[in-house]
Amino acid sequence: MQFDFTQNVRGDVLIVDDTPDNLRVLSMLLTRQGYGVRKALDGAMALASAQAAPPDLILLDIKMPKIDGYEVCQQLRDSPKTSKIPVIFISALDDVADKVKAFDAGGVDYITKPFQAAEVLARVENQLRLRRLQQYLMLQNEELARSNRELEQFASVVSHDLQQPLQSIIGFAKLVRLRYQGNLDDKLRSYITSIEEAGERMQKLTRDLLLYAKAGNQVTLNETVDCQRVLKQVALNLHEAIATRQATLTYDPLPTIKGNEMQLVQLFQNLISNAIKFVRPGVSPQVRVSVEQVEEGWQFGIHDNGIGIPPEHRTRIFEMFQRVDREDQQYSGNGIGLATCKKIVENHGGRIWAESQDGVGTTFHFIIKADPSEFF
Ligand code: ADP
């Protein structure tokens with residue numbers, strides 16, 4: 001991206017004033033400083049000129065016949081082509097009410113007549129610098145969004161295409177184990193187990209990556225989602241883990257909210273499966289889901305009696321591939337689940353955070369906006 005906002009690019013300024021003398025003075029002042037200057041003697045001319053080729057800045061007189069400055073500014077704001085052009089009002093009306101009205105109409109600054117040359121130049125340059133910075137940030141945002149989309153597409157294609165060969169590797173390893181069961185010595189059997197385990201880890205990694213990439217897709221956020229039903233679905237999906245770990249899952253009466261049901265199932269499922277997983281050996285996981293209404297929307301809590309999260313990791317764990325290093329490394333995983341949760345919550349206009357007490361348990365809180373579709 002080429003955009004040097006520090007360079008001294010003089011802008012293109014449109015001056016609008018029905019007094020030819022004022023036009024001449026301002027025009028001379030700006031031309032001498034190297035600005036490109038266009039002039040308009042009334043509102044209609046100004047609007048036509050701005051539509052034909054949007055300038056970088058408009059200096060706009062307020063008191064003009066037919067269409068006054070406020071009305072011109074309003075019309076500029078209403079048109080997508082001219083809505084972002086900064087407008088500095090110029091007027092002899094040195095009255096607070098007029099200044100407020102000028103800002104209400106969409107002006108960014110105000111100069112009173114008789115004006116000082118140095119003040120006009122400082123205000124013009126200030127607005128042009130802001131505009132250049134704004135344009136630079138917009139370009140950078142577009143660039144970031146584009147490269148993010150590309151990365152997600154890449155992750156999605158790679159994860160998808162890896163599924164099939166991985167399935168074959170695991171399938172053939174299983175076949176060898178079954179076919180040659182009697183003829184395998186311990187070493188060979190452990191090799192085959194390693195192939196199967198590595199294959200399954202990779203399969204989980206590619207599936208989770210795919211889910212992460214999908215969480216960034218544009219989805220409808222105004223489905224009516226019964227959270228009670230969502231929790232039932234999650235309990236069903238996690239049935240095996242719940243039974244094996246002898247876990248208890250309880251929840252408050254849960255509301256019906258606006259959101260994307262598939263993503264909300266994913267969100268609760270990731271958090272609850274972690275709550276079941278990160279528990280000391282021999283302890284039965286106790287997981288409770290709470291909910292309360294707060295100013296921003298619905299605040300959910302997933303409480304567990306697990307191993308806890310050290311304070312220095314409580315923010316980092318929401319980043320991709322971040323896990324808490326533990327000496328025994330007995331908890332499997334890839335560090336994608338919470339990054340996916342964060343993406344889903346942010347899609348819903350909310351935020352997510354963790355509170356934890358070492359050895360006592362952790363609560364993951366997240367807020368879902370009352371109506372996330374209004375968020376954008
Ligand atoms: P994974 O579970 O695959 O490692 P996550 O992104 O879901 O990845 O979680 C990141 C890390 O956050 C985990 O590795 C774990 O260290 C920590 N963590 C997440 N949930 C809990 C929890 N309920 N209790 C303790 N630690 C947790």
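On a predicted model such as this, the values are computed, not experimentally measured, just so you know. Order of appearance sets the numbers: ligands from 1, and atoms from 1 within every ligand. Just so you know, these numbers use all the heavy atoms, side chains as well, and skip hydrogens, waters and symmetry mates.
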*Asks:* Salt bridge or not for R351 and E296, using N-O below 4.0 Å?
*Replies:* yes

*Asks:* Please list, in number order, the atoms of ligand 1 under 4.0 Å from a heavy atom of L338.
*Replies:*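 In order of number, 5 (P), 6 (O), 7 (O), 9 (O), 10 (C), 12 (O), 19 (C).
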
*Asks:* For ligand 1, which atoms, with element, lie under 4.0 Å from some heavy atom of I317?
*Replies:*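 What qualifies from ligand 1 is 11 (C), 12 (O).
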
*Asks:* For Q322, counting its heavy atoms only, list the atoms of ligand 1 lying under 4.0 Å from any of them.
*Replies:*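 Checking each atom against Q322, I get 10 (C), 11 (C).
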
*Asks:* With a heavy-atom distance limit of 4.0 Å, tell me whether K277 approaches ligand 1 through its side chain, its backbone, both, or neither.
*Replies:*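 Contact part for K277 vs ligand 1: side chain (C-beta onward).
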
*Asks:* Is it the side chain (CB and beyond), the backbone, both or neither of N270 that lies under 4.0 Å from ligand 1, heavy atoms counted?
*Replies:*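 Looking at N270 and ligand 1, no heavy atom falls under 4.0 Å.
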
*Asks:* I336 heavy atoms, cut-off 4.0 Å: which ligand 1 atoms fall inside?
*Replies:* 6 (O), 8 (O)

*Asks:* Distance under 4.0 Å to a non-hydrogen atom of G337: what atoms of ligand 1 satisfy this?
*Replies:* 5 (P), 6 (O), 7 (O)

*Asks:* For D61, give me all partners under salt bridge (charged side-chain N to carboxylate O under 4.0 Å, His left out), at least two apart in sequence or on another chain.
*Replies:* K113

*Asks:* In this structure, does ligand 1 have an atom that sits under 4.0 Å from one of the heavy atoms of H313?
*Replies:*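 Outside the 4.0 Å threshold, so no.
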
*Asks:* Tell me whether K84 at atom NZ has more than 12 heavy atoms from other residues, nucleotides or ligands lying less than 6.0 Å away.
*Replies:*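 Check fails, neighbour count at 12 or below.
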
*Asks:* Please state which part of Y331 comes within less than 4.0 Å of ligand 1, counting heavy atoms only: side chain, backbone, both or neither.
*Replies:*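 Looking at Y331 and ligand 1, no heavy atom falls under 4.0 Å.
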
*Asks:* For ligand 1 and G333, I'd like to know whether there is a polar contact (N/O to N/O, distance under 3.5 Å).
*Replies:* no

*Asks:* Below the 3.5 angstrom mark, is there an N/O of R323, backbone or side chain, next to an N/O of ligand 1?
*Replies:* yes

*Asks:* Return yes or no for this condition: an N or O of G335 is under 3.5 Å from an N or O of ligand 1.
*Replies:*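 Yes, there is a polar N/O contact under 3.5 Å.
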
*Asks:* For atom 13 (C) of ligand 1, which candidate among F321, F364, F278 provides the closest heavy atom?
*Replies:* F278

*Asks:* Pick from F268, F318, W353: which one makes a ring-ring contact (aromatic ring centres under 6.0 Å, His included) with F366?
*Replies:* F268

*Asks:* Number the atoms of ligand 1 from 1 as they appear, then name those within less than 4.0 Å of a heavy atom of G308, with their elements.
*Replies:*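 Under 4.0 Å from G308, ligand 1 has these atoms: 25 (C).
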
*Asks:* Could you see which bit of N334 sits under 4.0 Å from ligand 1, with heavy atoms only: side chain, backbone, both or neither?
*Replies:* both

*Asks:* Looking at K174 and E200, is there a salt bridge between them, counting it only when a charged N and a carboxylate O are closer than 4.0 Å?
*Replies:*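 Salt bridge between E200 and K174, a charged N being under 4.0 Å from a carboxylate O: yes.
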
